[in-house]
Every structure is written in structure tokens, then in C-alpha cells.
There are 2 protein chains.
Amino acid sequence: MFKEEQIIKICKQNKWRLTEPRLEVLRIISLSKNPIKAYDILKKLANKIKNPKPPTAYRAIQFWQKHKFIHRIESLNAYQACSHGHSHVGAQFLICDDCGKVIESNLHEIPEILKKSTENKTFKPLRWNLEINGLCNQCS
Amino acid sequence: MFKEEQIIKICKQNKWRLTEPRLEVLRIISLSKNPIKAYDILKKLANKIKNPKPPTAYRAIQFWQKHKFIHRIESLNAYQACSHGHSHVGAQFLICDDCGKVIESNLHEIPEILKKSTENKTFKPLRWNLEINGLCNQCS
DNA sequence: TATTAAATGTTATATTATTACATAAAAAAA
DNA sequence: TTTTTTTATGTAATAATATAACATTTAATA
């Protein structure tokens, strides 16, 4: 979704510090075809930074998650660059069980469904995560 | 949802072996007010079984998950008894950020949404997990 | 320039989960 | 019933995922 230059700009505008570990971690995640795990990020980070430790990777991951540039795919313990802008409160992922590809999808009906539970006052939804497993059209 | 006697019956009907660790783990999860973590299950299991090890808990968890009597709440790494029968392919959870209570909800519109992606052939959904964070009516 | 705030480096450790292999129990076959 | 096979468990070890704590460095700001 975002090119690096855009991200640099957004960070500047918001005065978010774009440090080397952060930038490298974002690049690693962005360049990964499929969601990538923290320790695989860490391994790749070792090509850029001398002997990085887990907190270095996790802190950068946390930073990009907080600002909604990456998502955590909960059922995979893995991270993927956001492909739909970084301001939504919910996300939907189509996870191919065969090739492992994860498509971020914006199914706009989801918020409608959540509104119902708000209307009947049983629950006040703030954010959500939908992970759908199945087969992508390449694999089915 | 299910009482123990029902579960015993279902297991018998299906020739699923209802061993002691399985039964105790199910009881522990069922009696837990909120989703319970594997190592907390293990701790409680120690009251029933002599010095249980992680695989004992995880195997039982896996067994009940496979047969849809319990769910894993992915964002919490925790397990909760299924409250909607055990034959659905998708589940929705309303997670209260304040008290930690998780309500299993059947929002029947979800399948409709998934059908769309089937119809346009971009993805063939097989199962899904929706985790919604917010505030329950007790806490808001 | 001095001070403060934010980020990183580093060590250690906590948490979550699985592998591997020996043993036991139950089911199925002979 | 006895043997064989399958399924489950016990146990030790370790893998995979994530965080705490504290010293140091870097950047922002006063």
C-alpha cells in the first residue's frame, strides 16, 4: 500500500522517529511475500544491523503496529504490511491454507454487523480482527 | 452449552475415547469464567493428575478443539468452552477489554459476507474466526 | 549548552508450544 | 481368548514466541 517515501513523509509529519531498526524491520515485512514471523524478521535484520536481539525486532514491530502500517495475523504469529491504508479499526484476512498467502480484504459489511450489537447494547465494539481460512483462487 | 453427561454420550456415540486427562481438562475449561491459558489449565490439572506435563494439557486441548467443544481465542492464547453447539465452521467472540470476559456470539450474517468472496471466486472460505474487542455492557 | 524524553543495546527470563521416545491401555484381528 | 495393532499417555528435553529490567545512546526541547 505505502511506498517507503510516503511512510517517511508520514512519519515526519507526525514526528514519529524513523530509526534504523524501525526502517529495516518495515522493509523486511514489506518485502515478504507472505506474513513473516518475528524471529525470521530478526534473522533478516542481522544482515543490516550487527547482532540484533529480540527486543529490537519486537519494538519495531510494535511501533509499526501501533501506527497501523502492519498487522499481526494472530493465528500465524506473523506480521504483514497493511495493504489498505493505516486508519481502519478492523481488518479481515483471507488465509490460504495451501500456499500460505494472506490477502487483506475490506469487507465493508462487517461494521454493519457490529453496529447491531451496539444498537441492542449488548457490547460496544471498538476494533476487530477476522481471519478466514480457505483456499485462494491460485490453489483451489 | 454442553453438560458433561451429554459430552460423555456424544463421545460414546462417536467412539471418541474419553480419558481422564481429557475429561479433567474439559472440566477445567468449562468451569473457567473467562478464557483460560494452557499453563493455567496445567496448574489446575495438577490437582487431579499427578505432576502433569505440558503435552498432557495440550493434547487434551487439541482433542476438544478438534471436536469443536472448545475454542482458542487467538489474541489471548487462551481457551474457552464452546457455547453454541459444536458443529459450526466459524465463530465470533466479543472480548471485553476491561473485565476480560469473552462472549461467543453467532452473528449469522458473517456467512453471507463470505459467500460473496466465493461467488466472485477470489477465495474459497472454509472456516473463520472473528475476534472483536470492546466493552461489555457490564463495563461500559 | 544543559536537560529531558525517547529509543536502543544487552542480558536474562517468561510464556507458549512441540518433538521424540518409552510405556500403557484399548480396540481389532486372529 | 490371545495376539496384534492402534491410540493415548508419561516424561524429558527443547523449540518458538515474547517481555522485563536496566544501562547507554540519541534526539528533542528548554
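Chain letters run A, B, ... following the sequence lines, proteins first and then strands; every chain starts at 1. Treat the numbers as computed from the prediction; the structure is a model and nothing was measured.
- The CD1 atom of Ile49(B) sits 14 Å away from the P atom of dA25(C) (whole-angstrom rounding).
- Using cut-offs of 30° and 60° for the angle between ring planes, the His67(B) and Trp16(B) rings count as parallel.
- Going from atom CD of Gln62(B) over to atom P of dT18(C) covers 7 Å, rounded to whole Å.
- Note that CG of Leu26(B) is 9.0 Å distant from CZ of Phe63(B), once rounded to the nearest 0.5 Å.
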Please enumerate all protein N or O atoms sitting under 3.5 Å from an N or O of nucleotides 27-30 of chain D, with distances to 0.1 Å.
residue : atom : partner  : partner atom : Å
dA27(D) : O4'  : Arg17(A) : NH2          : 3.4

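- For the pair Tyr58(B) and dT18(C), the ring geometry does not qualify as stacking, because the centroid separation below 5.5 Å and plane angle under 30° are not jointly satisfied.
- In summary, the side chains of His71(A) and Glu104(A) do present a donor paired with an acceptor at a separation below 3.5 Å, with no hydrogens or angles considered.
- In terms of position on DNA chain C, the residue among Asn51(A) and Tyr79(B) whose nearest nucleotide sits closer to the 5' end is Asn51(A).
- Within the 4.0 Å cut-off from OP1 or OP2 of dT15(C), not a single side-chain nitrogen or oxygen of Lys37(B) is found.
- Taking atom CG of Leu45(A) as the reference point, atom P of dT10(C) lies 13 Å away to the nearest angstrom.
- In the set dG10(D), dT19(D), dA12(D), the nucleotide with an atom closest to the side chain of Pro55(B) is dA12(D).
- Distances shown here put a side-chain N or O of Thr56(B) below 4.0 Å from the OP1 or OP2 atom of dG10(D).
- The residue among Ala38(A) and Ala60(B) whose nearest nucleotide of DNA chain D lies closer to the 5′ end is Ala60(B).
- Set against dT17(D), dT16(C), dA20(C), the side chain of Asn77(A) has dT17(D) as its closest nucleotide.
- Nucleotide dT11(D) holds its P atom 5 Å from the NZ atom of Lys53(B), rounded to whole Å.
- Side-chain atoms of Glu131(B) and Asn129(B) include a donor-acceptor pair closer than 3.5 Å.
- Residue Thr19(A) has a polar side-chain atom (N or O) positioned under 4.0 Å from OP1 or OP2 of dT8(C).
- Side-chain nitrogen and oxygen atoms of Arg22(B) include at least one within less than 4.0 Å of the OP1 or OP2 phosphate oxygen of dA8(D).
- Distance, Lys12(B) NZ to dA26(C) C1': 15 Å, rounded to whole Å.
- One atom, CG of Leu23(A), and another, C1' of dT8(C), lie 15 Å apart when rounded to the nearest Å.
- Interatomic distance, Lys124(B) NZ to Ile132(A) CD1, rounded to the nearest 0.5 Å: 15.0 Å.
- Between the side-chain ring of Tyr39(B) and the base of dT16(C), a stacking contact exists by the 5.5 Å and 30° definition.
- Between the CG atom of Leu76(B) and the C1' atom of dT15(C) there is a distance of 14 Å, given to the nearest Å.
- The nearest whole Å value for the distance from the NZ atom in Lys43(B) to the C1' atom in dA14(C) is 12 Å.
- Both Trp128(B) and Leu94(B) sit in one connected hydrophobic cluster of ILVMFWY residues. Membership requires side-chain heavy atoms under 4.5 Å apart, directly or through other members.
- Backbone-only engagement by Pro21(A) is indicated by non-hydrogen atom pairs under 4.0 Å involving sugar-phosphate atoms exclusively.
- Going from atom CD of Gln80(B) over to atom CD1 of Ile103(B) covers 9.5 Å, rounded to the nearest 0.5 Å.
- Hydrophobic clustering, with ILVMFWY side chains joined whenever heavy atoms are under 4.5 angstrom apart, keeps Ile73(A) apart from Ile61(A).
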